Amino acid sequence: MKKWIIMLLTVVFGVLSLTGCSDSDTASSGEKDGKVEITYGFWDKKQVPAIEEIIKLFNEKYPDIEVKTEITPYGQYFQKLETAATGGALPDVLWMNGAHVVQYAEGKVILPLSEMAEKDNYSLDNYPESLIDLYTVDGDIYGIPKDYDTTGLWYNKKIFDEAGVSYPDETWDWEKLKEVAKQLTDEEKGIWGYAALMGNQGGYYDFIWQNGGYIISEDGKSVGFDKPEAIEALEYNVSFIKEGLSPTQAQMTETAASELFSSGKIAMMFDGPWMVPEYKKNPDLNVAVVPQGKKRAVSIHGLSNVISSNTNHKEEAWKFVQFLGSKEAAEVFAKTGTVIPAYDGTQDAWKESVPNLNLQAFIDGADYSVPLPSVKNTGEIWQYETDVLKKAWSEEISIEEAAEELAKKANEALAK
Amino acid sequence: MKEVPLQTEVKSAKRIKVSSLAKTRKRSDYFWAYLMIAPTMLGLFIFYLWPIVQNFYFSFTEWGAFGQYEWTGLDNYKRLLEDATLVQAFKNTIIYIILTVPIGIYLSIIVAVLLNQNIKGKSIYRTLFFLPVITMPAAIAMVWKWLYNADYGMLNYLLSLVGIKGPQWVSDPNIALYSIIAVAIWSGIGYNMVIFLSGLQGIPKMYYEAAEIDGAGPVTVFFKITLPLLSPVIFFVTIMSLIGAFQVFDLIFMMIGKSSTALESTQSIVYLFYQHAFVLNDKGYAAAIAVLLLAVILIITSIQMVLQKKWVHYD
């Protein structure tokens, strides 16, 4: 008998503890002592302090909505979202980028916000139009812009001074960039004049646009990688590596170019405003507008906050998204200097957050910026860019071959 | 005469009682046995067997965004046949297996035999050899990635001291795979060593005593006694290492960057599977790759099961 009772109790407790687990699980994503908890998913660790401060401000207004943050590194962010979306387990509120918004909107895993915005008289006029366009799919807005970023030409003043070369300014063009890169490259000291990154935003996209080319045609059916303008731009990029003015592709995968740059091994490179928190630590670094090609162009991209369709707390999530898009929240972002806030009029505060850097360069860029193209399979096309272009960057195949192969693969993806 | 049937009756009654008792006893034993293994079995079915069945089904489908899929019949398998990257991935995996499994086993037997002797501080050595096993593969990969770094890594620094300019260990397509293999062998020795050690300690002392009396030297003892009696363990380790080597992923994922020039010459079958399933969202094709891998492992393991009769000595 005794044994029976012990067994029974074991089983009962076992089962109880199991249900206990699931109980606490549902509680964590639901209500807890009258409080509603919503989750906020994003990827950038550098923005955690700003986001924490914003949540604090938000809770002063809405003490009953608790916001739990979920950080996933960018490398895994969209893979995780994809799986979570399939299982209906997306965070209530999350970061979205331009590359994925069409896919997520068409897959109906994020909510259209137009109706709620209209009901609450929430104005979308406070954000740059290009960003609103980016997050509008079939006439509905899906994301409230959070920030934007353009690209600047970062440079190391010390290397310029030592070589007696004057700093980059808005008069620079492709030729000048090449010429100075040659002057600054110093093999003995292990200094490269420039880093020819194999990245699209703030990399070959910008050069292709500057050269009069395009990435995705206006009808969205074909890519422009194999057009002469694009090939010329790609060749210009790789020429830095060929002539020994830039680390090789292999070197840049072994040690990130940003690390080489911040430790004074690279004189100039393209990078975004998201590197400000990192680069401001080195007083030798500053930033200028990117040089021009046949015309001025720089890529612009911005993130937005979206609400997932599987949320159980639509109202609360919307309140939080509104707050994240408010001037108040934008000012927090501006003050910490992490990103350029999207809310009009708060950019100046961002610029002044790090006075010894010429952050105006990023804001100037917005005037002639081109938004990153966004279609349903942007993610797939990006993957092909990496797969194919790295072979050109490492000089395994010629630019023409790479451009042709990439265009073929990307066009197939677009036809899907 | 009368008593006899009575006795038999009693006996058979007793027997019936005993056997029915045994039966009920047995039944309740079974009940408890099943109940106790139920959680494991459930886990096995839900998390292993059911996904295998599902994976097989999905290998005949094509996936769109967010879990939509459609039946496409044998399309994925036709694609497998024409996929040059898959051939390359198989080649990489096979080079990886051919080098890691035999060298790994060879080295771990040596280490195990040496550490089975009465030497000073042998438990310290055993711990040292076992340390990589309890370290996360991700951490191992990160540390080695830095040791291997072409410009700032320790390895090339040491080489530079003797005037050699070291290669780009993890970026040069001709070398990267071998760099990974070296780490895999290094980090796998400890685990196999422990299994071999337990195998060595299971060999009865009397064989060694008899050999000593007959005047056999240490080399003869090793080849005539230790190795044959260790063969069941070697067989086990070979099968496990082979399966593990077929599924290599983490080291490659961590050590070779996504935009690395050496990716094509290092990516394994499982890496390719990951790429299709989670990066390109081509889950149907990824499922077909997984089915292919399962089939290959199954075939190779059964060949080993047949071949073992030739060389494995069960005591």
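Note that the structure is predicted; figures quoted are calculated from it, not measured. Residue numbers start from 1 in every chain, and the chains themselves are labelled A, B, ... in the order their sequence lines are given, proteins ahead of strands. When reading the values below, keep in mind they use all heavy atoms of this one structure, side chains included, and skip hydrogens, waters and symmetry mates.
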Check: Any idea which heavy atoms bring B:W169 and A:E254 closest together, and the distance?
Finding: N-OE2, 4.0 Å
Check: Where on A:E259 is there a heavy atom nearer than 4.5 Å to chain B: the side chain, the backbone, both, or neither?
Finding: side chain
Margin query: Which atoms of A:T386 are under 4.5 Å from chain B, going by heavy atoms: the side chain, the backbone, both sets, or neither?
Written below: side chain
Margin query: Is it the case that atom OH in B:Y77 sees more than 12 heavy atoms from other parts of the structure closer than 6.0 Å?
Written below: yes
Next item on the list: Return the option, out of A:E396, A:E82, A:Q103, A:Q249, with the maximum number of heavy-atom pairs under 4.5 Å with chain B.
Entry: A:E82
Check: chain A: which of B:T261, B:V279, B:L280, B:I256 shares the most heavy-atom pairs with it under 4.5 Å?
Finding: B:T261
Margin query: Is B:D282 in contact with chain A via its backbone, its side chain, both, or neither, using a 4.5 Å heavy-atom distance?
Written below: neither
Check: Between B:L263 and A:K390, is any pair of side-chain heavy atoms under 4.5 Å apart?
Finding: yes
Check: So does B:F45 have more than 12 non-hydrogen atoms from other groups sitting under 6.0 Å from CZ?
Finding: no
Notebook entry, point to check: Nearest heavy-atom pair of A:Q76 and B:F253: which atoms, and what distance?
Noted result: NE2-CZ, 4.3 Å
Next item on the list: Against chain B, label A:Y104 side chain, backbone, both or neither, depending on which of its atoms sit under 4.5 Å from a heavy atom there.
Entry: both
Note to self: Under 4.5 Å from any heavy atom of chain B, what part of A:L81 do you find: side chain, backbone, both or neither?
What the structure shows: neither
Notebook entry, point to check: More than 12 non-hydrogen atoms from neighbouring residues, nucleotides or ligands closer than 6.0 Å to CD on A:E404, yes or no?
Noted result: no
Checklist line | Residues that A:D387 engages under salt bridge (charged side-chain N to carboxylate O under 4.0 Å, His left out), provided they are two or more places apart | finding: none
Next item on the list: Supply the atom-to-atom distance A:N377 CG to B:N281 CG, rounded to the nearest 0.5 angstrom.
Entry: 10.5 Å
Item checked: chain B contact via A:Q383 - which portion, at a heavy-atom distance below 4.5 Å -> side chain
Check: Do other residues, nucleotides or ligands put more than 12 heavy atoms under 6.0 Å from A:K408 NZ?
Finding: no
Check: Which one, B:G153, B:S260, B:A277, leads in non-hydrogen pairs under 4.5 Å with chain A?
Finding: B:S260
Next item on the list: Could you check which of A:Q251, A:E106, A:M198 has the highest count of heavy-atom pairs closer than 4.5 Å to chain B?
Entry: A:Q251
Next item on the list: Heavy atoms only, distances under 4.5 angstrom: which of B:Y148, B:Y152, B:W146 has the most pairs with chain A? Name it, please.
Entry: B:Y152
